[in-house]
Amino acid sequence: MTTQNRSRYFLPNGLRRCARYDTIFYGAYAGPGATFDIRVRFDLKQNINLQKLQKAADKAMRAYPEFAVRPVLHEGRVCYEKNDAPVVLAPDDGKCRYFGTDDTNGYLFLFLYGEKHLTFSLFHSQTDAHGMICFLVTVMWNYLVEMFPPARLIGTRLFTKHGIRADDSLFYTMDDTERYDPLTKFARPGEIVQPVDPERLFRFPPEDAPKDHPTCRLVNLEISNDAFLAKAKTLGTTFAPLLSALAAEAIRACYDVGDRDVVVITTADGRRVLPSNTLGNLAYNVLLPVSPETAALPLQAQCEILAKHMAIQRTEEHVRATFRDILRQCSEIDAMGDIDKVNAFLTGPDGLANSMTGAGTVFLTYPGRITDNPISRLLLEGLSPGMLAAERAIDVYADRGNLIIQFSQKSDDPALIDAMRRTLEKHGFAVNTRDLGRMTQNVFDFSRIKRM
């Protein structure tokens, strides 16, 4: 580590500055009415052995030093303090836990357990979906070896070839900027593709439950993954454009959209364009607008238009320029003053962050297919990502033979879910509806974290 880098990220009191990107999560996506809690639930074949799971999780932390921190409010900014506490395994009892407090031993995540299930809950400032999945694979590998020692003969090459860590060697292949602040490393001036006219954007009407409601309702619509793949091939498209077109169709069937554009936001991983081992947030939004003119076209033509929108937002120039624009937004938030006071304003009734979707109508996250592997075959009955946010969101993933389209919302209003079910049935899919009930959301609250 160079002296220059150490002076840039490390403070004399032992604290480390957080990434620039984290400013957006702490400024706009924190607090009781805005915390972005992303999750993965594991349904296990055997009852959980808490002692072995604790050992597996604590061992994984040694491979992910950047996660071993406690957030601290220092001179109006969030900084990170080194944290060597055990990872928290807490009963999945419906209680609200607070990230970065004693509830989580200071960490920005925790595990919630039942008799045969385990849910990982993470505040999005810690990392993106890529980083979360990497960490969880390492934890589950360690747990597999604890439960079935001969499994170590499979070898870690099974997952390390994909950049997932078995130890901390990848952490030390990067300089501090890439390791802790990747947007600063990769941002460049350039032209950003702007496919959305804000004046034409359709936004959902408010839900009939407040954003700071302590729970979210989760409902799954399950269809055949093979049937969806066959449909995509018939239309000459891929999953994301087809999912987005169907979601936009359901929204138009459910709400009085009029002459406005339904804009589906899908998330993309910047590492696909700018390869890196960093686990700092490198996700960015891809905006897929469906205008009334586009919605009137056959489904295949809609998918062609959305695929073109995707392609031009996945170029290196656009990604680097988008990162630069995110840094500009971070600077604007920093200029507003102390981050805890800025957060109270931005997420308050008169604030600017009244919609987490920003330039879009709805988030539609598509992590992709959960692949079959020795870890899942030996340990798991099933696995389901989830997303608890302050407003409606859709999380789609493929597991075994099913494509699961999961709706997260604050209210119990089934209107949008029913509209999506009817849309899927209209296009030939058999739909199974599974109501997961209400899930308690964990929260990042500035009034509860450590101050220096």
With a distance cut-off below 6.0 Å to the six-membered ring centre and an angular limit of 45° from the axis, does R217 pair with F407 as a cation-pi contact?
->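 Judged by the rule (NZ or CZ under 6.0 Å from the ring centre, within 45° of its axis), R217 is not positioned above F407.
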Quick check: closest heavy atoms across [X] and [Y], and the distance to 0.1 Å?
{"X": "G33", "Y": "A390", "value": "O-CB, 3.0 Å"}
{"X": "L144", "Y": "A151", "value": "CG-CB, 3.8 Å"}
{"X": "V40", "Y": "M132", "value": "CG2-CE, 3.7 Å"}

Within a radius of less than 6.0 Å around CZ of R16, do more than 12 heavy atoms belonging to other residues, nucleotides or ligands occur?
->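 Enclosed: over 12 neighbouring heavy atoms sit under 6.0 Å from CZ of R16.
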Determine whether more than 12 heavy atoms belonging to other residues, nucleotides or ligands lie under 6.0 Å from atom NZ of K95.
->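 Atom NZ in K95 is not crowded, with 12 or fewer foreign heavy atoms closer than 6.0 Å.
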Using side-chain heavy atoms (C-beta onward) and a distance below 4.5 Å, is [X] in contact with [Y]?
{"X": "T278", "Y": "K185", "result": "no"}
{"X": "W141", "Y": "I164", "result": "no"}
{"X": "V319", "Y": "F186", "result": "no"}
{"X": "Y26", "Y": "D340", "result": "no"}

Only pairs under 3.5 Å count here: list side-chain donor-acceptor contacts from residues 51-64, not counting sequence neighbours, and write none if there are none.
from: K52; atom 1: NZ; to: E146; atom 2: O; distance (Å): 3.4
from: Q54; atom 1: NE2; to: D58; atom 2: OD1; distance (Å): 3.3
from: Q54; atom 1: NE2; to: D58; atom 2: OD2; distance (Å): 3.2
from: Q54; atom 1: NE2; to: V87; atom 2: O; distance (Å): 2.7
from: D58; atom 1: OD1; to: V87; atom 2: N; distance (Å): 2.8
from: Y64; atom 1: OH; to: C134; atom 2: O; distance (Å): 2.9
from: Y64; atom 1: OH; to: T138; atom 2: OG1; distance (Å): 2.7
from: Y64; atom 1: OH; to: R165; atom 2: N; distance (Å): 3.3

Residues S384, Q406; criterion side-chain hydrogen bond (donor to acceptor under 3.5 Å, both in side chains); working and verdict = CA-CA 9 Å; S384 54; Q406 183 180 97; 5.4 Å; no
Could you label the plane-to-plane angle of the Y180 and Y9 rings as parallel, tilted or perpendicular, counting under 30° as parallel and over 60° as perpendicular?
->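 Plane angle between 30° and 60°, so tilted.
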